[in-house]
Amino acid sequence: MSDLAHPDAYRVPPGGPADLAGRDPADRSWFPGTKKEGRRLTKALNRRLEELQELLWAEHRHRLLVVLQAMDTGGKDGTIRHVFDGTNPQGVKVAAFKRPTPDELAHDYLWRVHPHVPGDGEIAIFNRSHYEDVLVVRVHGLVPEDRWRRRYGHIVEFERLLTDEGTTIVKLFLHISKEEQRERLQARLDEPDKRWKFSQADLAERERWDDYQAAYEEALSRTSTDDAPWYVVPADRKWYRNLVVSKILVDCLEALDMRYPDPGDDLAGIVVT
Ligand code: ATP
Ligand code: MG
């Protein structure tokens with residue numbers, strides 16, 4: 001099972017379409033095994049990710065940016081927890097992008113984002129991202145349409161700047177169904193230890209489900225490129241989501257063909273006393 005093919009079918013082709021409506025959030029067609037086998041494989045991939053992250057850090061030559069977007073309850077936090085379990089916190093940074101502060105709003109929308117991109121040897125995970133500026137901003141009409149429409153171009157160029165300068169980018173949309181969101185929101189209400197995650201605002205956003213899907217459809221279609229591709233990850237089943245994300249990230253790091261740095265001097269024969 002470890003020679004499982006890359007989940008290419010989930011990649012949005014450059015220029016789109018993302019075809020969210022045609023993609024099943026409960027799909028599991030890429031992995032032939034059971035849930036138990038899937039979990040075991042995810043564990044093995046986690047260990048590999050740990051090794052690759054150590055190598056990335058040791059080599060200090062490449063940078064990896066992971067952009068995570070999802071509808072509310074889509075599983076961004078759970079994905080980060082599971083997939084990066086065991087990696088070295090020194091080289092992995094998570095940046096969460098919430099509602100902008102007045103200071104952030106007084107600048108262009110990429111101003112708050114750029115300082116969080118990864119440096120040499122680092123993995124940066126964006127929990128929400130600059131994509132909010134063509135998603136929530138569009139759905140709520142926070143800026144006029146002609147202004148947010150121009151952002152697709154900025155975003156593609158911004159990401160091109162990063163990839164040209166040596167950053168690898170992978171963008172993941174955790175795709176859940178409206179029914180799955182209903183169940184997860186209800187669970188947040190019903191289970192005392194999940195209530196802290198519930199927000200009334202999530203219900204108001206849920207009413208705009210279709211608007212968000214349309215906004216995601218266009219954003220993913222317009223910004224998936226060869227160098228900064230979007231993946232639509234089926235996310236109704238958490239184990240499957242974790243497996244697919246782990247595989248995408250491991251493949252991405254494997255492709256960098258990294259090596260531990262040569263210490264330069266001949267260390268053979270040195271005995272530490
Ligand atoms: P959780 O899983 O804990 O709910 P979250 O990412 O949903 O995590 P919240 O604090 O609930 O975090 O929500 C952050 C909110 O900030 C989201 O509703 C998001 O759409 C909003 N937001 C993020 N970026 C922007 C932006 N640029 N403009 C306006 N709103 C934004
Ligand atoms: Mg939220």
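Indexing begins at 1, ligand by ligand and atom by atom, following the structure's order. Remember, predicted model here, so these are calculated numbers, not experimental data.
Going from atom CZ of Phe126 over to atom OH of Tyr131 covers 11.0 Å, rounded to the nearest 0.5 Å. How far CD1 of Ile176 is from NZ of Lys238: 10.0 Å, rounded to the nearest 0.5 Å.
Here Glu205 has no heavy atoms under 4.0 Å from ligand 1, in either its backbone or its side chain. Contacts of Asp72 with ligand 1, taken as heavy-atom pairs under 4.0 Å, involve the side chain alone.
Counted within 6.0 Å of CD on Gln213, heavy atoms from surrounding residues, nucleotides or ligands total more than 12; the atom is thus considered enclosed.
Between Arg138 and Glu145, no side-chain nitrogen of the basic residue sits less than 4.0 Å from a carboxylate oxygen of the acidic one, so the salt-bridge criterion is not met. Salt-bridge annotation for Asp227 and Lys171: absent, with no side-chain N of the basic residue lying under 4.0 Å from a carboxylate O of the acidic one. The pair Arg149-Glu218 meets the salt-bridge criterion, with a side-chain N (NZ, NE, NH1 or NH2) lying under 4.0 Å from an Asp/Glu carboxylate O. At a threshold of 4.0 Å, the pair Glu59-Arg259 does not count as salt-bridged, since none of the basic side-chain nitrogens sits closer than that to a carboxylate oxygen.
The distance from ligand 1 to the heavy atoms of Asp133 drops below 4.0 Å at these ligand atoms: 27 (N). Every atom of ligand 1 is numbered from 1 in the order shown, and the set under 4.0 Å from a heavy atom of Lys76 is 5 (P), 6 (O).
Summary of contacts: the protein heavy atom closest to atom 4 (O) of ligand 1 is Arg188 NH1, 4.5 Å. Looking from atom 6 (O) of ligand 1 to the surrounding protein, the closest heavy atom is Arg128 NE, 2.6 Å. From the protein, the heavy atom lying nearest to atom 20 (O) of ligand 1 is Glu132 OE1, 2.9 Å. Among protein heavy atoms, atom 9 (P) of ligand 1 sits closest to Lys98 NZ, 3.7 Å. Ranking protein heavy atoms by distance to atom 15 (C) of ligand 1, first place goes to Arg99 NH2, 3.9 Å. Atom 30 (N) of ligand 1 has as its closest protein heavy atom Val136 CG1, 3.5 Å. Among all non-hydrogen protein atoms, the one lying nearest atom 2 (O) of ligand 1 is Asp77 OD2, 3.6 Å. Nearest protein heavy-atom contact of atom 28 (N) of ligand 1 is Pro100 CD, 3.3 Å.
By the 4.0 Å heavy-atom criterion, Arg112 is counted among the residues contacting ligand 1.
In this structure, atom 11 (O) of ligand 1 is not in close contact with the protein, since no protein heavy atom lies within 4.0 Å of it.
Side-chain atoms of Tyr109 and His154 include a donor-acceptor pair closer than 3.5 Å.
Exactly one of Gln186, Glu180, Gln181 qualifies for a side-chain hydrogen bond (donor to acceptor under 3.5 Å, both in side chains) with Arg184. That residue is Glu180.
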